[in-house]
Structure formats: structure tokens, C-alpha cells
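A short write-up of the structure that comes next.
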Amino acid sequence: MAMLLEVRDLTTRFHTLDGVVYAVNGISYTLEEGQTLGIVGESGCGKSVSVLSVMRLIPEPPGKIAAGQVIYRGQDLLKVDEAQMQQIRGKEIAMVFQDPMTSLNPVLTIGRQISEALMVHMGMSQEQAYQRTSELLDMVGIPQTADRYTNYPHQFSGGMRQRVMIAMALACMPSILIADEPTTALDVTIQAQIIDLVKTLRDRLGMAVIWITHDLGIIAGLAEKVIVMYAGFIVERGNVDDIYDDPRHPYTLALLKSLPRVDRSSKERLATIPGLPPDLLGLPPGCPFTTRCAYVVERCHQENPRLEPAGLGHEVACWVDVTTGRER
Amino acid sequence: METTVENVAANVLDEFEIPPLSPRELVWRRFRRHKMAVAGIFIIIFLILYSVGGAFFLSESYANHTDTSKRLQPPSAEHPFGTDTVGRDILARTIYGGQISLLIGLFAVAVETIVGVLIGAIAGYRGGLTDSILMRFTEAMFNIPQLFLLLVMAKFFAGKIPTIQLLGRTFSGSVIVIIFILGLTSWMYLARIVRADFLSLKEREFILAARTIGTSNLEIIVQHILPNSMAPIIVSATLGVASAILVEAYISFLGLGVQPPTATWGNMLDGAYNYIDSAPWLWIFPGILIVLTVLAINFVGDGLRDALDPRTLTE
């Protein structure tokens, strides 16, 4: 399939009063047309910052995309000017955020907010945009669309607002939809509905999806490829089956162990990962996971491992082979 | 009808059929609870009718007609509000003076709001150096006493602006000067409010969401952030009208405002000073009108503040 997006060595830093925050440290990945990529990791691992960097929505200052390339259809998005970028946002790459309660403007009607992208990018008249917005609302499963057009966000429930956000993102039929933990703020049943909705729409519209989450359970049925991020680094990358059946990084292992599963006894306690992700203010020279890792060896403290192949299309950044417990 | 489960369910559904209130209706609901504010609205409507409608009965030339043989006459059937020091009819002058005073209030606030919102919005949205420069400028303006600025500017511009014809009426250049002076010396407070609002609103997620669909900076400022900070702007503008009318009266009283023969409620008070005891009708009528206008507008402003900001609870 054709290559849609290629991120190379993306590095984003924040220059704060306390020092430099190393939020994203040279990550690379590719996305093909129609493909779904999952980005997994704890809070504060640079998942959101990495996709906001792709969209060039990092507030500058204090943020700064220090290095790297973001090639979208042969064009480096880090080099285009702001006006061109505005043409790409929403039309080519769209985004859905975590909290639908705060992502909609409380003083504008739902219709206004959805039709805005249509009028900005497609040059539609108000009449056409209204027509299209009604179709979009229908598409994301909000009934009574004619009435809903003039409603305000406070008249919608959380799940419905997230549907509105999706309608907004899909208004111009983007080739990439970035979903930044879109189900985290919703309850479980609504989560399932939203995931199904995105899946259905993805297949119908043939768009690529980047789905960010800290819940590995969601990714399993959704993504083809998975990236595991830790402290702004990619620590493991592979097809979704590789990650679940054959995890090679201690962090991925630990994440999987901490998931509740229906096929396990409920008497067993869930494993937790001790400690917290490191403060990204100045990174230690070694692997950032050493302080929480069960497999740590001497070398981990001195050198940060690079991604090395661990199978076909499967890469891992670790000095230890977790299948044998021995140093590589 | 038998009360079956279906019927009850249907009735409950019917109740939900009442359309939810739009934000505007909610504001009106809260505003109506404020009795004084509603009274204020009526007083303002009355004052507008008085000064606009009155013009159909008494001509402007009559209001400016001097007849020294009839100077300082107390209220009578012929001159219900009496006559002033040069024999002009005070009733007619309060009508035409009202037009000018209200006009000055409205337009001065328009100038104030445009400047204040512009500076506040740019400072708040851009942040950084732009913000620092604009806010230091605002603070500098704050530190110059408004009255001093007013007097200097009034003196400086006096007579430099020609009279203009508008809607069949002649406006002396001093009216325009006063409008701009009032507007340009009172925007600082509003600029600060708007800046503070923009600073917090621009960090909100829905602004980020708007940016992800490719909205330009200008559209974000005008269409996404500004409607969110409308409440303080409306309130400040309303109260600004009252203060502009008051300040106009103030400087007109000092003789630096709108120049005669054009009447305003303010300059009618000028010259009444020497007759406080002997001819009280000189200041009572324009004085009452000024007080009434300012009070009414302030009540409406208070009502709007409570109605537009759901966080302040009103009983």
C-alpha cells in the first residue's frame, strides 16, 4: 500500500524555566493508507506531544520541534508555512481529543462548529454546509439531525459530544484521523460504541487512523501496528499480534500483565509497574526504564539501547532478551 | 383515559418535547428576575422616546433661539421647564441635549470597546513580547489621570474638527472630539478584562480543537474566543455608556466639552452654577435627566452582569 505519512527522528523539546523537557526523543514511524497505528504508553510518555508535533500544534515557545521530518505525501510538514499547514489541518489530517466535555466551544452551536471546517476547506456555502453537516451527524449516529444542528454542546451527553467531535474531524474526509485517547473520558459502554463507530467509518472512508491510548485492550481489536512509547522513546514496535503474543520489551510485558483479562482467575491480583515514568527534565544517560525494570543489567545504566529487529517487522529497544532473561 | 404504562410513558415523553432553552432565553430569564434592571430598561426607552420623539414637537432652531427679554423665566405654561440665562427654552434644550448626550455615550463606548477589545485581544492571544508592550502601554495610560488627559486633549483639539452634517442635523466638531476623547481615555479597563479572558480561553481545549481543523488565527479570535468573553464586554460597555455621559457632563460643566449653541445635558449645567439658589430650574431638569440615565443604565448593567454570568447567584 502507498506510504501516507513518514515520521523520521522527530524530536520535540520544551524550554521551561526549570530546564529543558525532553518530551519526544527521535521517534520514527510510518503509516500507510488505510492503516491503523496504535500508540501506547503511560501518561507523560510523549504520545500526545508526538502527534501534536506532527500537526504542528505545539505551542512555541516554550515548545520546539528540535529535529526530524514529517513527510506527508512527499511533503515535509515541518517545513511548510503556517498558511499551508492550516490547509492540511482538518482537510488532510484531523484530530479527535480526549475530553469531549472541553473540546467543544460552549457558546457556538454544534452545527456551526461542524460546518466551520466545511466552509474553511471546501469553500461551501452556508446552505451546502448545513446539508453536509446533517449528513455527517447522521453518519456518526446522532438522530434528529435537523434539530440537533442548532443545539449547544451543553445539551449533549459525553458520548454524543465525542460523536460530534468525530463528525467535526471527518467533515472534510481527511486521509489521516488522529485519535488522542478519544474514549478515556467516557464510560465503558460508550467507549465500545465510539470504537465501533471509528472502525466502521475507517473502513467506509478508507482513512488511516493513529489511535493513542494507554489501554492495550482497546488497541487489540483495532490496530494493525503498535508503537509502545516510554519517556519520549519508542521502546517496541511491531504488528499487533507480535506485541500481544510475543512482547519483547520489559515495559510492554509489564503493561500487558497489568491488564485485567476475562480468561484469568479473578482471585489473582493484577500486576502493577512500580514507580512513575521519569521526569523528562534532563534524561539519565542509560535506558529510562531502568528504575522500574525487572530485567535490569549493568549496561542499562550506561547506554540507552536503540531499536533492534526482534523478528519480521518487530523491533525492540532493550539490552536484555526477555525470552531468555540474558543480555543480548 | 386509562393510565397504562404506555400512557404514562407517552406523557413523560411529551414533557420532554418542550424545546430546551437557548442561551439567549436563559439570559433573558435571569435578567427578568432583576426588577430594577427591567425598570432601568423602561426608563432608558422613555428617555430615548423623550429626546428623539420630542424633536417632532419642538424644532432645533427653537431650542437654540435666544431671546434675552425672556431670560431666567421660571417654569410656566409657555416654557414648562423655564428659560435659561439667554432666554432659550429649557424643555427644548433638554430634548436636543438628550440626543447629543445619549449619542456621545453610545459612540464614546463604541470607540472604547473597539480599542479596548482590539488591544486586549491581541495582547492576550499573542502573549509574549506583544503582550508586554501593549500592557505596559495600557498601564501607562492608566497612570495618567483621566481628567488631565481629557482637559489637555479637549483644549488641543478644540476648533480643529469642522462641523459635520448628518441626518439633517448639524453636529459641532466638538461633539466628535468629545466622543473620541472619552473613548480613547477609557478603554484601558476593558482591555485588561479582555486580555485576561483571552489568556485563559486560548489555552482551552476547544481552541486547540478548532486549530486542528485548520481555523486561522483571525477566525479563532473573532469566532471562537470573542463570543466566549462577550459577557464582560457587554457589561463593561453598558456601564461605560453611563460613565461617558457623566464625564461628558463633567467636562462640559468645566466649559471644555461640547460648545454652545449645541446643547447637551452637561453644558446646560455650565452657567447654572451662578444661579443655584435663584434659578434652580436651570440645573434641576438636566440634572434629573442625567441622574435618571446613569442610574437606569447602571441598573441594566448590573442586571446584565448577573444574567450573563451564571456564577454570580441572584435571588
Practice problem: Could you pull out the closest heavy-atom pair between A:Thr133 and A:Ser115, with the gap in Å? | Solution: OG1-CB, 3.5 Å
Quiz item: With a 4.5 angstrom heavy-atom cut-off, which part of A:Met85 approaches chain B: side chain, backbone, both or neither?
Solution: neither
Quiz item: Among side-chain atoms of A:Gln113 and B:His224, is any donor-acceptor pair under 3.5 angstrom?
Solution: no
Quiz item: Can you say whether A:Met55 sits under 4.5 Å from chain B via the side chain, the backbone, both, or neither, judging by heavy atoms?
Solution: side chain
Quiz prompt | B:Arg192, B:Arg195, B:Arg136 screened by salt bridge (Lys or Arg N to Asp or Glu O under 4.0 Å) with B:Asp131, the one that passes | solution = B:Arg195
Exercise. Sort out for me which residue in A:Leu197, A:Ile190, A:Ile194 forms a side-chain contact (heavy atoms from CB on, under 4.5 Å) with A:Gln162.
Key: A:Ile194
Self-check item: Contacting moiety of A:Ile88, where chain B heavy atoms sit under 4.5 Å
Solution: neither
Quiz item: Roughly how far, to the nearest 0.5 Å, is the OH atom of A:Tyr29 from the CG atom of A:Leu31?
Solution: 8.0 Å
Self-check item: Portion of B:Leu208 that has a non-hydrogen atom of chain A nearer than 4.5 angstrom
Solution: both
Quiz prompt | Structural part of A:Leu108 lying under 4.5 Å from a heavy atom of chain B | solution = side chain
Practice problem: Counting only heavy atoms closer than 4.5 Å, note whether B:Glu219 contacts chain A via side chain, backbone, both or neither. | Solution: side chain
